[in-house]
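Throughout, a chain's letter reflects where its sequence line sits, starting with A, and its residues are numbered from 1.
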Amino acid sequence: MAGSSWQRTHRIGALSEANVGEQVVLNGWVAKRRNMGGIYFLDVRDRFGLAQVVLTGSEERLGWSMDEGAILAPEDVLSIVGKVQKREQPNPDLPTGQIEVIATKVEVLSRSTLPPFEIERDSDANVELRLRYRYLDLRRPDMQEKMAFRSRFIGAMRNAFLARDFLEIETPILTRATPEGARDYLVPSRVHKDHFYALPQSPQIFKQILMVAGMDRYFQVARCFRDEDLRADRQPEFTQLDMEMSFVEEENIFETWEGVLVDTFRAAMGIELPATFPRLTWHEAMERYGIDKPDTRFGMELVNLSDWASTSGFGVFENAVAGGGRVMAICVPGGGTSYSRGAMKNLEKRAKESGAAGLAWWKPGETGGGAGPVAKFFEGAVGESLLQAVGGSQGDLVLFAAGPRALCWRVLGEMRLAIGREQGLAKPGAWNFLWVTHFPMFEWSEEEGRYFSAHHPFTAPQDWELGGDPAEMASRAYDLVLNGWELGSGSVRIHRRDVQRRVFDLLGITPEEQQAKFAFLLEALSFGAPPHAGFAVGLDRLVALCKGLDSIRDVVAFPKTLAAVDLMCQAPSTVTDQQLADVHIQLRQDS
RNA sequence: GGGGGCGUAGCUCAAUUGGUUAGAGUGCCGGCCUGUCACGCCGGAGGUUGCGGGUUCAAGUCCCGUCGCCCUCGCCA
């Protein structure tokens, strides 16, 4: 057990009254110095906490001198020998505030130059500096707690899957480029001239092949790579909790994840989630919330007024319906008073940014009518029937959208979220998980004149026969949504070679291309592929959300900037001519 | 690629309409102090105003370019 004499006997943060009277050795960083002249207080920090060390000139001291103490600098690494004593004046703000350590010996294990910013819980140093000196940023108690939480959370999730007989299996990081989806990160091959590996956007195909291999239940904490532009919630490399199951359908996936998340939230956060989450079809989500990842922490749902509008006598609305579109609305409770003229201008501006021609709004008055550009059309009975249709009353604010349904959804969906944010409508402390199912199978791309997979090309259709108009086909893809954030997505997969072929065909992938890029998958599907389904959750986002953070940078140890640069190690970098020659690459000089 | 914001002392920020020697807080260094814990008091050091160019008698401030960071739209199956 005995190591070198400088090695700690206790963790600093673990010291308590139980240790009073004990001789201890502590290792940690100088956090704060308070020199009173004849007595010197030192706050010393390790990952587990902080405690006060007292240096005095009394006869108790051993191998200690104040002169040396005076030159201790912030972030010096120390080994302290001393005795724990109960404080006469406890500090109630400190977990170790009941005790202090009277030092008999202080050894400097490592000197620190003055850090570029102070290592304290709440740093106000700017992001750039924090990223350049990430090891100092991570030394802050705040960041250490976030990293610890992430570790604990992922550990709990891992345990939950292992307890359900899932196998944790690693899949390759060096794999092959995929034709659909995000831009790939490429890695040139030295051995094979002109050939490249790609880093995986996700382990999608590998996990399906693990199902063909009879692994039955797979999961992995998987790093994924996508070479697209970044956001606060998007890094070029990110971590997914990826899983796949054989002989299952949607409900089995939902039940598994509900159980895993209940277990994880309980173990990592002490939060008791409901045993099941609501299920909503994509169509229902769009009709009620105007978005496929609804924040259900508040109401204010969309209302379809098309029936009412077609007989309203208000030309603009009647024409919208007659033209094949619709009229929809949301009713802001109490919005009649909380939204002033100026605030309405803001809302109008936002509606236009969402693609609306304008924003019709109405503050219903006592006997119909009321205020707003369209109020004069809603006098009397028309207004009353309208008010009834939107479920509102005097003092509310009604916002209208007219036109194609997709436009109405988008405009009112965004209005709803913006107003919800402004008014603080979301119930605090709520964890509103929900499943969104029946996503569309395909999306039409105007630029390329072909369909793209709404999820990915291995997603099973609701109808195995793939009948009807591709634009109307529903898939067996589903998302998990938490408080308006898309946490993850998955689907029942295509386990039939013939169906996979037909989907490739519908996507405009030629038979030659199918052969070149997916031969191994199609072949695998021909060797007895079990029906299977899976799911993946973005862990960075989930952990950030659990900690109430807007940016995933705060839960990633070494994140990159919006320009995909690592400010600490300065990646990406140039490489030597020899390295380029090894991988048969010649740089272009023209760009 | 488009739009927006920011860049001044180690750090966080201020600096009137373009006008004196670019300030404050904090940190750091030195001195004093035996019970502090945001210690206190006294003193001190510390500036390529991101970088380059321009306009002007005069630029932190105005103009052009450029670099970096952040937010966002496109993009992210």
| request: Indicate yes or no: does A/Arg130 engage A/Asp137 in a salt bridge with an N to O separation below 4.0 Å. | output: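 Salt bridge present between A/Arg130 and A/Asp137.
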- prompt: Taking 4.0 angstrom as the limit, do A/Lys207 and A/Asp242 come out as a salt bridge?
  reply: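 Salt bridge between A/Lys207 and A/Asp242, a charged N being under 4.0 Å from a carboxylate O: yes.
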What's the CG-C1' distance between A/Leu42 and B/rU36, to the nearest Å?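 Computing the A/Leu42:CG to B/rU36:C1' distance gives 12 Å.
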Give each protein N/O atom lying under 3.5 Å from an N/O atom of nucleotides 68-71 of chain B, with the pair distance.
residue: B/rG68; atom: O2'; partner: A/Glu128; partner atom: OE2; Å: 2.5
residue: B/rC69; atom: OP1; partner: A/Thr561; partner atom: OG1; Å: 3.1
residue: B/rC69; atom: O4'; partner: A/Glu128; partner atom: OE1; Å: 3.2
residue: B/rC70; atom: OP1; partner: A/Arg553; partner atom: NH1; Å: 3.4
residue: B/rC70; atom: OP1; partner: A/Leu562; partner atom: N; Å: 3.4
residue: B/rC70; atom: OP2; partner: A/Leu562; partner atom: N; Å: 2.8
residue: B/rC70; atom: O3'; partner: A/Arg553; partner atom: NH2; Å: 3.1
residue: B/rC71; atom: OP1; partner: A/Arg553; partner atom: NH2; Å: 2.8

| Among B/rG74, B/rC11, B/rC28, which nucleotide sits nearest the side chain of A/Asp229? |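 So the nucleotide nearest the side chain must be B/rG74.
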Identify the nucleotide, in any strand shown, that forms a Watson-Crick or G-U wobble pair with [N], with both distances under 3.5 Å; if there is none, say none.
{"N": "B/rG68", "result": "B/rC6"}
{"N": "B/rC29", "result": "B/rG43"}
{"N": "B/rG23", "result": "B/rC13"}

**Request:** Select base, sugar-phosphate, or nothing to describe what A/Phe452 touches, counting heavy atoms under 4.0 Å on all strands.
**Result:**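 The answer is nothing, as A/Phe452 stays clear of every strand by at least 4.0 Å.
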**Asked** Counting any heavy atom closer than 4.0 Å, what does A/Ala73 reach on the DNA or RNA strands: base, sugar-phosphate only, or nothing?
**Response**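 Touches nothing.
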- request: Report the residues that fulfil side-chain hydrogen bond (donor to acceptor under 3.5 Å, both in side chains) with A/Asp76, sequence neighbours left out, ordered by chain and then residue number.
  value: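 Partners of A/Asp76 under the side-chain hydrogen bond (donor to acceptor under 3.5 Å, both in side chains) test: A/Arg111.
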Discussion item. If you take the centroid of each ring, where Trp contributes its six-membered ring, are A/Phe442 and A/Phe452 closer together than 6.0 Å?
Written reply: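 No, too far apart.
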Measuring centre to centre across the rings, with the benzene-like ring taken for any Trp, is A/Tyr478 within less than 6.0 Å of A/Phe254?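 Yes, the ring centres sit under 6.0 Å apart.
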N/O-N/O pairs, protein side and nucleotides 38-45 of chain B side, under 3.5 Å:
residue: B/rC39; atom: N4; partner: A/Asn35; partner atom: O; Å: 2.6

_Taking the nucleotide of RNA chain B with the nearest heavy atom to each, does A/Pro90 or A/His456 sit closer to the 5' end?_
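Nearest nucleotide further toward 5': that of A/Pro90.
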Spacing of the P atoms in B/rA9 and B/rG47 (rounded, Å) =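 That atom pair is separated by 10 Å.
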Practice task
For the pair A/Tyr135 and A/Tyr133, name the ring-plane relationship: parallel under 30°, tilted 30 to 60°, perpendicular over 60°.
Solution key: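 Rings of A/Tyr135 and A/Tyr133: perpendicular, over 60°.
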Q) Is the A/Phe504 ring parallel, tilted or perpendicular to the A/Phe458 ring (thresholds 30°, 60°)? A)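 Taking A/Phe458 first and then A/Phe504, their aromatic rings stand perpendicular (interplane angle over 60°).
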Check: Testing A/Arg33, A/Arg45, A/Arg140 for salt bridge (charged side-chain N to carboxylate O under 4.0 Å, His left out) with A/Glu75, which one passes?
Finding: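 Filter result, single survivor: A/Arg45.
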